[in-house]
> 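Sending over a structure as structure tokens; questions will come in a sec.
The sequence lines fix the lettering, A, B, ..., with proteins before strands; numbering per chain opens at 1.
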Amino acid sequence: MGASRAVVVRHVTRIEGHGNIVVDLEGDRIKRCDLEIVESPRFFEVLLQGRPYDEAPRISCRICGICSVGHATASVHAVEAALGITPGPKLRAVRRLNMAGEWLQSHILHVCFLVAPDAFGVPSIVPMVGSHPDVVKRALRLKRLANDICCTVSGRHVMPISYHAGWMGHWPERVELRALQERLIAAEEDLDALVELFAGLSWPVVERRVEHLASLEDGGAYPMMGGPLHSTSGAVTAPEAYRDALHEYLVDHSAAKHVRGTDGTIRVGALARYALAHQRLHPRAKDAAARLKLRADSANPFDYVAAQVVESVQAHQEALDLVSALLVDPAPEAPARPGRPHGGRGVGMVEVPRGTLVHDYTIGADGRIKSANCIIPTSLNLVSIEGDMRAFVPSLVGRPSPEIAHALEMLVRAYDPCVSCSVH
Amino acid sequence: MRPRVAFFSFGSCEGCQLQVLSVEDVLPELLSVVEVVNFREAMDDRGDDYDIAFVEGSLVKPDDVAELQQIRARAKILVAIGACACLGGVNAMRNRRPVTELAREVYDGRQDGVFAALPDASPLSSVVQVNYEIRGCPIDRIEFLEAVRSLIAGTVPYVPPFAVCVECTLRGTPCLLERGIPCLGSVARAGCNAVCPAYGAPCEACRGFHEVPNFEALGEAFFRHGMTRTLAAEKLQLFNNYREVREAWEQAVPSSSAT
Amino acid sequence: MDNEIYRLPRERLDSLIERLARDYRVVGPVKQGATWMWTDVRPGMPLALDYPTTMLPPRQFFAPMRETLFRYHRGDDGRFAFEEPAGERPFALLGVHGCDLTALRVLRAFHESSCRDRLVPGRLDRSFVMGLACWTPCLPESFCRDMGSLESESPASLYVWDIGGVLLVKVQTARGREIMRDVGALDAATPDELVALRKRLRTRPEAFPAQLQFAPEKLATSLKAAESDILWEATADRCLSCGRCNLVCPTCTCFDVGDQASLSGGDGTRTRSWTGCQVPGFSRVAGGHDFRPGRAQQLRYRIFRKGKYMPERYGMVGCTGCGRCATHCPTHISIREIFLQVGRAP
Amino acid sequence: MPQVSMIPEACRILAVTPHNSRDIHFVVEAPKQGFTPEPGQFVMVSLPGIGEAPFSLAALPGEGTAEGTFEMLIRRIGRLTNLITQLKAGDVLYVRGPYGRRVEWDQFEESNLILLAGGLGLAPLRSFVRRALGRRDRFGRIDLLVGARSPDELLFRTDLLVWASRQDDVHVHLTVDAAREGWDGRIGVITSLLDGLAVDTAGTTAFLCGPPVMYRHCLRRLLAMGLYEHNLWLTLERRMKCGLGLCGNCQVDGHYLCSEGPLVSYREVRHLRDVV
Ligand SMILES: Cc1cc2nc3c(=O)[nH]c(=O)nc-3n(C[C@H](O)[C@H](O)[C@H](O)COP(=O)(O)OP(=O)(O)OC[C@H]3O[C@@H](n4cnc5c(N)ncnc54)[C@H](O)[C@@H]3O)c2cc1C
Ligand code: SF4
Ligand code: SF4
Ligand code: SF4
């Protein structure tokens, strides 16, 4: 029996929210290997109770700063499903544009600001301002553009303002769209350079059998705005029946609920979407995937980074296409009316940057939310993250503890977990 | 010498820190005037030696209190950023109900270990002295930069004393209240350039109140525009429900007995 | 005067806009959502000749809501150098009602009384104004007829009556005549049209029932008698101190001054922006002392300024009866009702 | 003439003397063009990027201070003054002015003068004292009454000492609201200094400047002593943003105190509301 040692990282950095890595080793034997989620619970599901449904997108977007657009979208979808509202084509296009903006913003933030420092062996992007000014400037430009897409559509890049069931409180104007179009075209070079940069980086390999999940849209668009939940196992589940596929449960070391699939560990997010829908990518994004040598059947969590780069290209192309389409006729669309004003239950399931997000509301006849349940992509990934940590540690045991800690941090970070979101 | 600044967060969505990261165009300039020594969301560095601490989030779990006190002890200037830190924000909406009930609904009644929660979600000022506040949910990046500029110049940040309506009117936004939409702009503190009404949502007073809010008149205004006075109270709960913040309006606008 | 009235076929409005656009930035009332706003108009855009009234008054063009006074830049010697913004294109305002024409005269009277700022008078001189006659009150709160501004036709180079088929245009300045000549609209109104106009004007007052039972010149004296705080306190209980009444008022002139700067402080601007006596902080000095504390005193001040101080100092009542402040006040505090009350007081 | 008359001029600080921890005395280069102020006028001083505020002239060019310079006493109290009071000689302030009404001094000749200064109010009144002492033969008896909250807050102590030593020219009376050990002067509010002051009611002019609370009490006393309303002069300091009679912040009953004041006679403003 070897000496026992503990590897502990308190508050993993460069992720959103508070999580600790706790590993206890006895010689080569792993006694404990957990990702402790110590984020503070805020009880959003209870906060929503009793509130008028119009507030739901604005309350629930406060679950998370990084994916506030995603939350607002899932929320407004849930409300619309509950009230029997079918959003018009332009409304869907504008919302998808906003989502594309958020994807781009979130992915750039993750790959350039949070992950890239690992590749360059520095603690943050700050030293890179001096050492790799081009990389930093490019990242800042892309992020600014992504933020401006969100501001144009919904007023702010964090906490969208204009979301209502069936209508928009503000429609982007022609001049604004034209300005975006110009900048999107100009950004193609930056995305190209981004792909180039990440194609030249290499990451550890941790392979494990997992089930990938994503909610695929009918009609063949790349998964973003939701649809039935597809699994690499072949199973397909309707959004309202998400409970058949996703089982939430409590564990002692996490304020975020863990989720089990029908068949053990599941994974969502860029890599899962890529696995399930890579054929749906825009040609330029496919090309990026080829340059990044991203395999469709990759199960290596470190490949999340490459998949996010591919999806950045995708989001950018989609934004460009959507802006161009909206420019043909930017006039506002008439609001869609509720088919079921007395309320009922509705589920909004969308693909946010980190994976499948579910908002499930029951709305009463008084227009107030009776009950709410939210499932967050990071929660869906927690079991997988710990599984990967367990699979990764044996290849690290020979090394000094700080190195093990660093390697595990990188693994956790690769998933781009959003901890405050997962606890909500 | 560049002042050393640190960022911390408690119960929140970290959106305010994200707003700090979204100063892309001036980030290099910002880094040339301050030295960031601690910013978990974006860097590994964990300096304990700082002049200015920007703190986001409400106090929601028992450990938060001691941690905040430690930050206070180290920082020369403590700045609360965002509605959660300044007012309790959306988090304080949960204070309507006992925490045991919340735990029952969400965590099968567990309140131990990672599930522990303070009875009330509260703003930083409920525990330590806060030197300055940058309000909003989320904070406005321009206002943040203006505050940083004032602090590094050695003076106090400017805080507008008037209502969101002033900015809203100057922006030329048609008034939502006049159309019967429950807008709180007339009691809310300006500084956000009245962004919500401009994008078609009523102001929900995420920045708290201006200097002389008149809540009775707010109820009256709601009533005159075809809404109930109770609705005013209900809207005020959204961001301003922490005990001491609520005291200001609770007597003035009748609350519905609903949760 | 009749020989100065010309006919402008409605479709020629477009050529008028086109002609003006050569020399001016042309603005007119445009509907935005539920409200009317002064907005740039281009030929081809229908000019509304039947709009109620705009939320924001035309003074926004003479004293902009937020105006850069100057820019500054820190030079190599560490000192700041100052630079004025370039003068903007003069503008032409189309379709200004009598109340707002009156307000432009008030603005001029105010600025000429203390003319150390040349921005506003300069703009008043350079701009082109086309007045427009009203046939019905714009808002339930309008009382322009009582304030004598319904009949206001100056300052305007052109003044328009929409009498149905054709527009009748009175030329009031040489510049106005030049413009009419350029658009080829120097056909005199026909006798029939003039008869129709006179008839409309004669019956117009019926559409504007009297709201005050006294002449506006009496206001100053009645207000003097209304020093009692009870009146003000009762009304001010409803006031939110939101400041909308000041901001939408066509004759308010007060502003705040503030600086904006880059992060390092090396570049920036000093701007002035609208504020008013009902906006919190307006009369407060350093250390926190407020010389006019409380809503009642602030509300009273606004009313006194319009009804007493301005006529005493500038020879014109500060209220034009446009009805904006009452309409846009969240609790409908009505200056008309207050005038009525003080006028009734013994 | 520029369109915008609010552009300031860079003026170098020539000397800085703290009077206590928050009141700092500045000698400043005067603006080059047309800077010929009268006592009671003020300047607008700014730091670009921070803001602008009005400050009284504590000495006029050539009157106790060198030609081409003027003096101010600035109290650290807020956003702008926090920074101004940290400046050193050689630094630059941005100044425009002088502003305010020019009160004819001829009218005060032959008169006895009582100057009542509460706290910071001594700053503007200092230029009054200097003007009077500079033409000593044209005035009657001069009494300077100075009140401060505590001995530490007594401003311009050197001046006070010098003036006190010129018994024949000016009678200096000091009082503090509260004292600590070592103060052997008078304790009490400033009105108490009026007790026992022999005055020729018709031939005396009084000037008042101090915190808002001071005015009402002093005026009541002076009127009770028999001084004429038109001989009581007050400086009314309100919020001022332009100095040009435009921004409106300083209005009292329609009067713009930045141009119609701040120095006014009680007779002129007595009927106005919220004046004192
Ligand atoms: C005619 C006149 C003469 C003055 N003389 C002096 C003097 O000699 N020495 C001195 O220390 N102070 C004097 N003051 C007061 C001085 O103007 C204020 O202390 C100063 O405005 C404080 O600015 P701040 O930004 O530091 O304070 P803050 O409280 O942060 O002020 C915020 C803003 O409010 C405005 N403001 C606040 N208080 C006043 C005020 N009392 N008057 C006008 N505007 C104000 C300013 O424009 C300022 O930008 C005088 C005021 C007036 C009107
Ligand atoms: S929309 Fe709201 S903030 Fe804007 S003016 Fe109306 S009440 Fe005020
Ligand atoms: S308008 Fe109101 S809710 Fe919106 S950002 Fe401003 S203060 Fe917050
Ligand atoms: S608009 Fe009405 S509520 Fe607002 S400050 Fe004016 S009087 Fe008061």
> Report the option among C:R272, C:Q260, C:R284, C:E83 that has the most heavy-atom pairs separated by less than 4.5 Å from atoms of chain D.
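Most heavy-atom pairs under 4.5 Å with chain D: C:R284.
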> Quick check: under 4.5 Å, non-hydrogen atoms only, which of residues 75-95 of chain D neighbour chain C?
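Under the 4.5 Å heavy-atom cut-off, D:I77, D:V92, D:Y94 qualify.
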> Are any of the side-chain nitrogens in C:R71 or C:D267 under 4.0 Å away from the carboxylate oxygens of its partner?
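No, no charged N to carboxylate O under 4.0 Å.
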> Would you say that more than 12 heavy atoms from the other residues, nucleotides or ligands in this model lie under 6.0 Å from the CZ of D:R149, or not?
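Count not over threshold, so no.
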> Report, in residue-number order, which members of residues 9-18 of chain D are under 4.5 Å from chain C by heavy-atom distance.
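D:A10, D:R12, listed by number.
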> Could you name the residues of residues 302-311 of chain C that have a heavy atom within less than 4.5 Å of a heavy atom in chain D?
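Residues C:R305, C:Y309 are the ones that qualify, each having a heavy atom under 4.5 Å from chain D.
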> Find the one option among C:E312, C:R74, C:R300 whose heavy-atom pairs under 4.5 Å with chain D are most numerous.
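Of C:E312, C:R74, C:R300, C:R300 has the most heavy-atom pairs under 4.5 Å with chain D.
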> Give me the ring orientation class for C:F82 and C:F80: parallel if the planes are under 30° apart, tilted from 30 to 60°, perpendicular past 60°.
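Rings of C:F82 and C:F80: tilted, as their planes differ by 30° to 60°.
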> Compare every heavy atom of D:D152 with every heavy atom of D:R157, then report the nearest pair and how far apart it is.
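Heavy-atom minimum between the residues: NH2-O, 3.6 Å.
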> Start with the C-alpha gap between C:E88 and C:R126, add the side-chain angles, then the distance that decides, and say whether side chain to side chain contact (heavy atoms under 4.5 Å, CB included) holds.
CA-CA 11 Å; C:E88 75 285 326; C:R126 282 193 302 277; 4.2 Å; yes
> Is it the side chain or the backbone of C:Y301 that comes within 4.5 Å of chain D heavy atoms, both, or neither?
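Side chain of C:Y301 only, per the 4.5 Å heavy-atom cut-off to chain D.
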> Can you pull out every ring-ring contact (aromatic ring centres under 6.0 Å, His included) where at least one residue sits in residues 21-47 of chain D? Sequence neighbours excluded, please.
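Checked against ring-ring contact (aromatic ring centres under 6.0 Å, His included) - neighbours excluded - the pairs reaching residues 21-47 of chain D are D:H19-D:H25, D:H25-D:F156, D:F35-D:F70.
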> Got a donor-acceptor contact below 3.5 angstrom from the D:Y215 side chain to the D:V275 backbone?
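No: the side chain of D:Y215 does not pair with the backbone of D:V275.
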> Assess the residue pair C:R108 and C:D125 against the criterion (salt bridge (Lys or Arg N to Asp or Glu O under 4.0 Å)); give the C-alpha distance rounded to whole Å, side-chain angles, the decisive distance to 0.1 Å, and a yes or no.
CA-CA 10 Å; C:R108 186 179 285 278; C:D125 292 341; 2.8 Å; yes
